[in-house]
**Student:** 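Take a look at this one; I'll ask things after.
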Amino acid sequence: MTAAELSGAELAATVRAEATARAAELTAAGRPPTLAVVTATADRSSAWYVRSIVRAAERCGLACAVHDLGPDAEPAAIAAELARLSADRAVHGVMLQTPLPAGTSLEELALSIAVEKDVDGANPLSLGRLASGLPAFAPATAEAVVALLDHHKVELSGRHAVVVGRSTVVGKPAAHLLLDRDATVTVCHSRTRELAAVTGTADVLVAAVGRPGLITAGHVRPGAVVIDVGTNPTPEGGLVGDVAPDAAERAGALTPVPGGVGPVTTALLLRHTVLAAERAGVARG
Ligand code: NAP
């Protein structure tokens with residue numbers, strides 16, 4: 001058996017097309033949706049990701065400005081920039097890119113992003129609202145996991161979803177979103193014992209670790225749906241996921257890397273920014 005491919009291309013294109021149409025309406029009304037990305041790193045794969053966000057935003061008619069504070073930025077300066085952008089009425093979405101300078105905490109800094117502009121769900125208040133069933137922007141990657149499952153008509157209610165990874169940007173919010181969809185959810189992490197025994201019971205397995213090839217055929221229940229969130233740069237300049245190629249022989253369906261979760265994540269970030277701009281217009285009247 002070879003797994004069916006759960007591509008993100010079609011869903012990403014649909015989300016981008018919708019964002020493009022709504023962005024055009026906002027721009028015509030004199031309120032071009034605007035995303036601000038704050039960076040403080042010299043990391044090359046992060047720079048590549050930010051460039052891809054800027055390109056996607058511009059193609060969809062959104063404005064996107066990168067505010068690069070450099071890898072030596074002090075936490076107070078990053079927090080001040082996030083607060084300044086949060087107070088700027090011309091900015092609708094604010095995103096803090098990782099990695100951050102050593103000794104800084106994404107969660108601590110993201111408290112300076114206004115919740116209504118927190119389009120990548122990084123502010124712990126957004127995660128708290130999400131976990132409480134209140135409206136909030138979910139981290140785009142976590143939302144992309146569930147959006148891809150929906151797009152490919154994977155049933156979640158009553159099924160066992162196992163999420164490997166418990167970060168506040170991917171694993172935890174993905175677990176909450178799956179729980180909201182009535183899946184029975186197990187979250188694994190680096191201290192989980194007998195990982196393969198746990199993942200081997202999953203109907204839906206989400207790998208969000210950042211270790212190439214961690215999830216092998218031996219971790220996958222035959223026929224399971226596997227979502228590979230991992231994006232690990234290779235020495236050759238490519239990208240591989242957390243799921244080893246042999247897992248495709250056991251899984252019923254599997255997302256490709258690249259081309260699975262990634263493009264949907266970027267598209268959802270744009271959708272969130274457009275939504276934030278629409279809501280700002282309604283709030284202002
Ligand atoms: P992270 O903050 O480093 O978290 C990794 C998680 O994996 C942690 O919870 C860690 O457990 C767990 N882990 C590490 N080694 C493990 C092991 N051997 N067995 C089981 N669990 C293990 O990473 P992240 O920010 O969540 O990102 C995860 C991956 O997703 C990365 O490859 C990242 O590049 C990718 N990503 C992709 C997108 C996209 O759009 N496609 C967006 C964001 C992130 P502990 O908590 O115990 O340390």
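The residues of the chain are indexed from 1 along the displayed sequence.
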**Student:** Please report the shortest heavy-atom distance between G165 and V187, naming the atom on each side.
**Tutor:**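 Looking at all heavy atoms of both residues, the shortest contact is O-CG1, 3.7 Å.
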**Student:** Of all residues at least two apart in sequence or in a different chain, which pass the side-chain hydrogen bond (donor to acceptor under 3.5 Å, both in side chains) check with T39?
**Tutor:**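 So T39 forms a side-chain hydrogen bond (donor to acceptor under 3.5 Å, both in side chains) with D68.
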**Student:** Applying side-chain contact (heavy atoms from CB on, under 4.5 Å), run through R221 and D203 and close with a yes or a no.
**Tutor:** CA-CA 7 Å; R221 191 179 67 77; D203 299 307; 3.0 Å; yes
**Student:** For L130 and P173, work out which heavy atoms get closest and say how close.
**Tutor:**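 Heavy atoms of L130 and P173 come nearest at CD2-CB, 4.0 Å.
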**Student:** When you measure from the side chain of T192 to the backbone of L195, do you find a donor-acceptor pair of N or O atoms at a distance under 3.5 Å?
**Tutor:**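 No, T192 side chain to L195 backbone: no donor-acceptor pair under 3.5 Å.
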**Student:** Hey, any chance V226 and V154 share a hydrophobic cluster, counting ILVMFWY side chains that come within less than 4.5 Å of each other, even indirectly?
**Tutor:**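 No, V226 does not connect to V154 through the hydrophobic network.
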**Student:** Nearest 0.5 angstrom please: R211 CZ to S190 OG, how far?
**Tutor:**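 OG of S190 is found 7.5 Å from CZ of R211.
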**Student:** Taking G171's backbone N and O only, do any of them form a donor-acceptor pair with R166's side chain (distance below 3.5 Å, no angle check)?
**Tutor:**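 Not a single qualifying donor-acceptor pair exists.
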**Student:** Which residues pass the side-chain hydrogen bond (donor to acceptor under 3.5 Å, both in side chains) test with R181, sequence neighbours left out?
**Tutor:**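 Applying side-chain hydrogen bond (donor to acceptor under 3.5 Å, both in side chains) to R181 gives D150.
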**Student:** Which atom names give the shortest non-hydrogen contact between S105 and L100, and what distance separates them?
**Tutor:**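 Reported closest heavy-atom pair: C-CD1, 4.3 Å.
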**Student:** I'd like to check the side-chain hydrogen bond (donor to acceptor under 3.5 Å, both in side chains) partners of T168; sequence neighbours left out, ordered by chain and number.
**Tutor:**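 T168 satisfies side-chain hydrogen bond (donor to acceptor under 3.5 Å, both in side chains) with E107 only.
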**Student:** Would the distance check show the side chain of N123 and the main-chain N or O of V115 forming a donor-acceptor pair, the cut-off being under 3.5 Å?
**Tutor:**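 Flag not set: sc N123 to bb V115 has no pair under 3.5 Å.
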**Student:** Restricting to salt bridge (Lys or Arg N to Asp or Glu O under 4.0 Å), what partner residues turn up for E5, sequence neighbours left out?
**Tutor:**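 Applying salt bridge (Lys or Arg N to Asp or Glu O under 4.0 Å) to E5 gives none.
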**Student:** Kindly write out the residues that satisfy side-chain contact (heavy atoms from CB on, under 4.5 Å) with E25, not counting sequence neighbours, or none if the list is empty.
**Tutor:**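 Once residues adjacent in sequence are excluded, E25 has no partner under the side-chain contact (heavy atoms from CB on, under 4.5 Å) criterion.
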**Student:** Once you round to the nearest 0.5 Å, how far does CG of L239 lie from OG1 of T231?
**Tutor:**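 Interatomic distance, L239 CG to T231 OG1, rounded to 0.5 Å: 5.5 Å.
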**Student:** Apply ring-ring contact (aromatic ring centres under 6.0 Å, His included) to H272 and list each qualifying residue two or more places apart in sequence or on a separate chain.
**Tutor:**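 In terms of ring-ring contact (aromatic ring centres under 6.0 Å, His included), with neighbours along the sequence ignored, H272 is linked to F137.
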**Student:** Please round to the nearest 0.5 Å and tell me the distance separating atom CG of L270 and atom CG of L275.
**Tutor:**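 These two atoms lie 12.5 Å from each other.
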**Student:** Would you name the heavy atoms of A138 and L177 that are closest together and state the gap between them?
**Tutor:**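 Shortest heavy-atom separation between A138 and L177 comes out as CB-CD1, 4.1 Å.
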**Student:** Between W48 and V257, is there shared hydrophobic-cluster membership here, with clusters defined by ILVMFWY side-chain heavy atoms closer than 4.5 Å?
**Tutor:**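 As far as the 4.5 Å side-chain criterion goes, V257 and W48 are not connected within one cluster.
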**Student:** Under 4.5 Å between any side-chain heavy atoms of C60 and L62, yes or no?
**Tutor:**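 Answer yes - side chains close enough.
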**Student:** Please set out all donor-acceptor pairs under 3.5 angstrom arising from side-chain atoms of residues 76-88, sequence neighbours excluded.
**Tutor:**
{"residue": "E81", "atom": "OE1", "partner": "R84", "partner atom": "NE", "Å": "3.0"}
{"residue": "E81", "atom": "OE2", "partner": "H67", "partner atom": "ND1", "Å": "3.3"}
{"residue": "E81", "atom": "OE2", "partner": "R84", "partner atom": "NH2", "Å": "3.1"}
{"residue": "S86", "atom": "OG", "partner": "L82", "partner atom": "O", "Å": "2.8"}
{"residue": "S86", "atom": "OG", "partner": "S112", "partner atom": "O", "Å": "3.3"}
{"residue": "S86", "atom": "OG", "partner": "A114", "partner atom": "N", "Å": "2.9"}
{"residue": "D88", "atom": "OD1", "partner": "A90", "partner atom": "N", "Å": "2.8"}

**Student:** In the single-linkage hydrophobic clustering (I, L, V, M, F, W, Y; side-chain heavy atoms under 4.5 Å), do L268 and V94 co-cluster?
**Tutor:**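 In one cluster with L268: V94, yes.
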**Student:** Using the salt bridge (Lys or Arg N to Asp or Glu O under 4.0 Å) criterion, which residues pair with E278? Sequence neighbours excluded.
**Tutor:**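 Expected list: R22.
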**Student:** What's the spacing between D120 CG and I113 CD1 if we round to 0.5 Å?
**Tutor:**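 Going from the CG atom of D120 to the CD1 atom of I113 covers 8.5 Å.
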**Student:** With sequence neighbours excluded, tell me which residues meet side-chain contact (heavy atoms from CB on, under 4.5 Å) with N232.
**Tutor:**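 side-chain contact (heavy atoms from CB on, under 4.5 Å) list for N232, sorted by chain: P212, V240, D242.
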**Student:** How many angstroms lie between NE2 in H189 and OG in S167, if you round to the nearest 0.5 Å?
**Tutor:**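 Those atoms lie 12.5 Å apart.
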**Student:** Please tell me if the side chains of L109 and P75 come closer than 4.5 Å, counting only heavy atoms from C-beta onward.
**Tutor:**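 When only atoms from C-beta onward are counted, P75 and L109 do touch, with a gap below 4.5 Å.
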**Student:** Report whether V274 and V119 are members of the same hydrophobic cluster (ILVMFWY, side-chain heavy atoms less than 4.5 Å apart, transitive linking).
**Tutor:**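 No, V274 does not connect to V119 through the hydrophobic network.
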**Student:** Any side-chain to backbone donor/acceptor pair from R250 onto V220? Under 3.5 Å, distance only.
**Tutor:**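 It does hold such a pair.
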**Student:** Output every pair passing ring-ring contact (aromatic ring centres under 6.0 Å, His included) with a member in residues 101-122, not counting sequence neighbours, ordered by first then second residue.
**Tutor:**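 Found none.
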**Student:** Is any side-chain heavy atom of V264 less than 4.5 Å from a side-chain heavy atom of V15?
**Tutor:**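 No; the side chains remain at least 4.5 Å from each other.
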**Student:** Could you report the tightest heavy-atom contact between A73 and A40, atom names first, then the distance?
**Tutor:**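 Closest pair (atom of A73, atom of A40, distance): CB-CB, 4.1 Å.
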**Student:** Could you tell me which residues satisfy side-chain hydrogen bond (donor to acceptor under 3.5 Å, both in side chains) with T186, sequence neighbours excluded, listed by chain and number?
**Tutor:**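 For T186 the side-chain hydrogen bond (donor to acceptor under 3.5 Å, both in side chains) partners, ignoring immediate neighbours, are H160.
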**Student:** Side chain of T14, backbone of E10: donor and acceptor closer than 3.5 Å?
**Tutor:**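 Yes.
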**Student:** Which of these passes side chain to side chain contact (heavy atoms under 4.5 Å, CB included) with L205: T199, V163, V225, D228?
**Tutor:**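 Between L205 and the candidates, side chain to side chain contact (heavy atoms under 4.5 Å, CB included) is satisfied uniquely by T199.
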**Student:** Ignoring hydrogens, what is the shortest heavy-atom contact between P32 and H92? Give both atom names and the distance.
**Tutor:**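 Where P32 meets H92 most closely, the heavy atoms are O-CE1, 3.3 Å.
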**Student:** If a pair satisfies side-chain hydrogen bond (donor to acceptor under 3.5 Å, both in side chains) and one of its residues is in residues 260-271, list it, with sequence neighbours excluded.
**Tutor:**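 Checked against side-chain hydrogen bond (donor to acceptor under 3.5 Å, both in side chains) - neighbours excluded - the pairs reaching residues 260-271 are E18-R271.
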**Student:** Could you give the distance from OG (S46) to CZ (R51), rounded to the nearest 0.5 Å?
**Tutor:**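 Interatomic distance, S46 OG to R51 CZ, rounded to 0.5 Å: 9.5 Å.
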**Student:** Give a yes or no on whether L127 and L96 share a hydrophobic cluster (residues Ile, Leu, Val, Met, Phe, Trp, Tyr; joining criterion: side-chain heavy atoms under 4.5 Å apart).
**Tutor:**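 In one cluster: yes.
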